[in-house]
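Read through the structure below, which is laid out as structure tokens, and then see the notes.
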Amino acid sequence: ITVRAWPDPVCRTPPLAPGYTIDQYAGTWYEIGKIQTAGGAIFEKSCVCTSIHVAPIGDRKVIVTNTCNRETPQGKLLIFNETLTTDDVIPTGRYNETFRSLAYNIIALKSDEYSVEYDCMHTFGITNYCVHILSRKPTLSDDTVKMLLNLAVEYDLNTAKLEYEQTLQQGCTYGANTLI
């Protein structure tokens, strides 16, 4: 039996990716892996071949389309759209997701290679969060993944001390919706 203190620790406000611009973050990303609470995994439970497509709408609004297959690369295609907004006149990488009222933060970004996104929501004393390691290709070197996972430790983002889960990206076909 695991005993946890209640209420959960609140969401963290990590440093953002230096020099972030929406133009660098826009486009298609493949999820290499994640650290994710059960509540944070509502959409992604049993997902493989996960990717996101980031499409800016004006200066302070972004549509993120999450796409994955249920359980196998041939499994049911699931698509979930999120609308992100920021009050920052010049976006810094910190957004609010409007449907679930969660904080969405880009904490690392090398636009042609990788990014790390941390989202979190604290409601009724319960914290649900995700740390997503993303890549422009369906693969990323183990050394780069380790370096990016160290950010979760450095910024104390994994408050429930959950295990990192690699996302299956082999045998994936990536539907047309992924490559908008």
Side-chain angles (χ1 to χ4, degrees), residues 11-36 40-45 47-70 73 77-121 128-141 144-145 147-149 151-152 155 157 164-169 172-180:
C11 295
R12 303 307 193 219
T13 305
L16 299 171
Y20 170 88
T21 68
I22 189 56
D23 290 337
Q24 292 175 328
Y25 191 55
T28 300
W29 295 95
Y30 300 91
E31 182 184 77
I32 300 304
K34 60 190 173 263
I35 300 169
Q36 192 168 54
I42 290 174
F43 166 72
E44 282 196 63
K45 187 176 181 186
C47 272
V48 301
C49 305
T50 305
S51 64
I52 68 169
H53 185 78
V54 178
I57 308 292
D59 292 337
R60 296 190 262 173
K61 187 174 181 180
V62 178
I63 303 297
V64 177
T65 302
N66 294 275
T67 306
C68 72
N69 294 85
R70 179 70 72 204
L77 181 66
L78 301 174
I79 300 170
F80 179 75
N81 292 308
E82 297 175 283
T83 301
L84 308 178
T85 58
T86 183
D87 293 329
D88 296 334
V89 174
I90 299 173
T92 60
R94 194 172 322 277
Y95 294 92
N96 295 306
E97 195 272 339
T98 55
F99 177 68
R100 295 175 291 166
S101 298
L102 60 80
Y104 188 103
N105 304 274
I106 311 306
I107 64 171
L109 178 62
K110 186 174 180 183
S111 65
D112 62 341
E113 188 178 355
Y114 61 75
S115 67
V116 178
E117 180 268 324
Y118 164 73
D119 57 74
C120 188
M121 177 174 58
N128 284 295
Y129 62 87
C130 307
V131 177
H132 297 277
I133 306 294
L134 305 168
S135 175
R136 289 292 187 188
K137 299 176 189 170
T139 60
L140 195 60
S141 77
T144 301
V145 171
M147 175 198 64
L148 297 173
L149 285 172
L151 293 175
Y155 302 154
L157 304 179
Y164 170 75
E165 297 174 35
Q166 187 169 338
T167 302
L168 175 70
Q169 292 289 359
C172 303
T173 55
Y174 308 109
N177 290 320
T178 309
L179 303 174
I180 296 172

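Computed from a predicted structure; not experimentally measured.
A distance of 10.5 Å separates CZ of Phe80 from OG1 of Thr65, quoted to the nearest 0.5 Å. One finds the OG1 atom of Thr83 at 11.5 Å from the OH atom of Tyr104 (value rounded to the nearest 0.5 Å). Remark: Leu151 CG to Ile133 CD1 distance equals 7.5 Å, nearest 0.5 Å. If you take CD on Gln169 and NZ on Lys137, they are separated by 14.0 Å, rounding to the nearest 0.5 Å. To the nearest 0.5 Å, atom CE of residue Met121 and atom CG of residue Asn128 are 5.5 Å apart. Of the inter-residue distances, the one linking Asp119 atom CG with Leu84 atom CG reads 9.5 Å to the nearest 0.5 angstrom.
For Glu31, the salt bridge (Lys or Arg N to Asp or Glu O under 4.0 Å) partners two or more places apart in sequence, or in a different chain, are Lys34. In this structure, Tyr155 has no ring pair (Phe, Tyr, Trp, His ring centres under 6.0 Å) partners at least two apart in sequence or on a different chain. Residues meeting the ring pair (Phe, Tyr, Trp, His ring centres under 6.0 Å) test with Tyr164, sequence neighbours left out: none.
The two atoms that bring Val48 and Thr167 nearest to each other are CA-CG2, 4.5 Å, heavy atoms only. Nearest approach of Pro138 to Ile32, heavy atoms of both residues: O-CD1, 3.5 Å. Among all heavy-atom pairs drawn from Gln24 and Gly19, the shortest one is OE1-O, 3.3 Å. Nearest heavy-atom pair, Tyr30 versus Arg136, reported as atom, atom and distance to 0.1 Å: CE1-O, 3.2 Å.
Aromatic ring orientation, Tyr129 versus Tyr118: tilted (interplanar angle from 30° to 60°).
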Test Thr50 against Asn66 for side chain to side chain contact (heavy atoms under 4.5 Å, CB included), laying out the working first. CA-CA 7 Å; Thr50 305; Asn66 294 275; 5.7 Å; no
Does Ile22 form a side chain to side chain contact (heavy atoms under 4.5 Å, CB included) with Tyr95? I'd like the steps, not just the answer. CA-CA 11 Å; Ile22 189 56; Tyr95 294 92; 3.8 Å; yes
Given side chain to side chain contact (heavy atoms under 4.5 Å, CB included), test Tyr25 with Glu117 step by step and report yes or no. CA-CA 11 Å; Tyr25 191 55; Glu117 180 268 324; 4.1 Å; yes
Identify each donor-acceptor pair in which a side-chain atom of residues 109-116 lies under 3.5 Å from a protein atom, sequence neighbours left out, and give them as a table.
residue: Lys110; atom: NZ; partner: Glu113; partner atom: OE1; Å: 3.2

Please tabulate, for the side chains in residues 85-93, all donor-acceptor contacts under 3.5 angstrom to protein atoms that are two or more places apart in sequence or on a different chain.
residue: Thr86; atom: OG1; partner: Asp88; partner atom: N; Å: 3.1
residue: Thr86; atom: OG1; partner: Asp88; partner atom: OD2; Å: 3.4
residue: Thr86; atom: OG1; partner: Arg94; partner atom: O; Å: 3.2
residue: Asp88; atom: OD2; partner: Thr92; partner atom: OG1; Å: 2.8

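Screening Leu168, Leu78, Asn69 for a side-chain contact (heavy atoms from CB on, under 4.5 Å) involving Cys47 leaves a single residue, Leu78. Considering Leu157, Ile107, Asn105 in turn, Leu157 is the only one that fulfils the side-chain contact (heavy atoms from CB on, under 4.5 Å) rule with Arg12.
Less than 2.5 Å separates the SG atom of Cys49 from that of Cys172.
Here salt bridge (Lys or Arg N to Asp or Glu O under 4.0 Å) pairs that include residues 53-66, with residues two or more places apart or in two chains, number zero.
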